[in-house]
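Numbers restart at 1 for each chain; the letters A, B, ... are given by sequence-line order, proteins then strands. Everything numeric here is computed off the predicted structure, so don't read it as measured data.
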There are 2 protein chains.
Amino acid sequence: MPQAEKISFDPHPPVDPRVEMLVNELIGRVADKWTLLVLEELEDHGTCRFTELARLVPGISQKMLTQTLRAMERDGLVHRQVFAVVPPKVEYCLTDLGRSLGEAFCGVWHWAEAHLCEVEGARAAFDARGEGSKSSSVI
Amino acid sequence: MPQAEKISFDPHPPVDPRVEMLVNELIGRVADKWTLLVLEELEDHGTCRFTELARLVPGISQKMLTQTLRAMERDGLVHRQVFAVVPPKVEYCLTDLGRSLGEAFCGVWHWAEAHLCEVEGARAAFDARGEGSKSSSVI
DNA sequence: CGGCATCCTTTACGATACTG
DNA sequence: CAGTATCGTAAAGGATGCCG
């Protein structure tokens, strides 16, 4: 077991399959590549209307925005408030759960900051050789 | 600015676009849903052969496994060692970078463990109402 | 054994048009 | 304004077969 530092428990042998599934679902959801961006904007701007979010998140389509927000709402990450006014008005904001998820991803964020150069270097080195041919270390 | 707690620096206003791109790429990569599983198995078992991994990761196809391992190798997350023997033999193991990425995802992992019930509850509540109709809190 | 190439099915996604 | 519905394209992914 390579790592045994100060973290209380590493879920390696005894891992609840429901947790594992949720982690993968979560990652998968966040990986639709829009969720994280929406989360960020809602973190930064607090409460936002639909069109506001569509404008804040660069290239998102309204279809994807709706889909993303629905999924996030279903998971309890965002709160959706509908005002029954004549021009429709819907506001979205993060729940506590949503904010805590954002914090949970800080580890990944910081990893990316810290190891950006290493990853770029590894990619350059990989691409430099014939990546389609006999790569890696051959013995 | 809604949050200003105890975290040293939140990359919100001054965020390197390369970092942001890497985070999304990273999430996107991990979200292919296989990377995390492969990472786990390599963490648990150390060095593995190709077929071994294919057996360890439940429903993965060899195509996806190859693709996943190539991408991870390119990013410097795994080390690929080819033995030029008569029945071909290829061994994969995590690099330090790969192990550190696994640790970075511990935050998400722990979040999933801690908030599993909340998410399941939120989903049940969402599904209970007509999720296709007038949902959420209407004012 | 490890993997690449091909085919084929499924899915994701964007664009467009329409509704309350 | 904030969606829903339909369509068409594009990409992901599984199955199969061949090669080193």
Measure from the side-chain heavy atoms of A:T66 and tell me the nearest of D:dT4, C:dT6, D:dA2.
D:dT4
Check whether B:T95 reaches the backbone of B:L77 with its side chain - one donor and one acceptor, N or O, closer than 3.5 Å.
yes
Looking only at non-hydrogen atoms, find the nearest pair between A:L42 and A:L94 and report the distance.
CB-CG, 3.7 Å
Starting at the 5' end of DNA chain D and moving along, which residue's nearest nucleotide shows up first, B:Q62 or B:Q67?
B:Q67
Just say parallel, tilted or perpendicular for the rings of B:F50 and B:Y92, cut-offs at 30° and 60°.
tilted
From CH2 of B:W34 across to P of D:dG13 the rounded distance in Å is 9 Å
At under 4.0 Å, does any side-chain N or O of A:R70 touch on OP1 or OP2 of D:dA2?
no
Output the single nucleotide from C:dC7, C:dG20, D:dA2 whose closest atom is nearest the side chain of A:P88.
C:dG20
Any side-chain N or O of B:Y92 less than 4.0 Å from the OP1 or OP2 oxygen of C:dG3?
yes
Phosphate oxygens OP1/OP2 of C:dC13: is one of them under 4.0 Å from a side-chain N or O of A:S61?
no
Lys/Arg N to Asp/Glu carboxylate O, B:R80 vs B:E91, below 4.0 Å:
no
Verify the contact: side-chain N or O of A:R49 to OP1 or OP2 of D:dG3, cut-off strictly under 4.0 Å; return yes or no.
no
Between D:dG14 (P) and B:M64 (CE): distance, integer Å:
6 Å
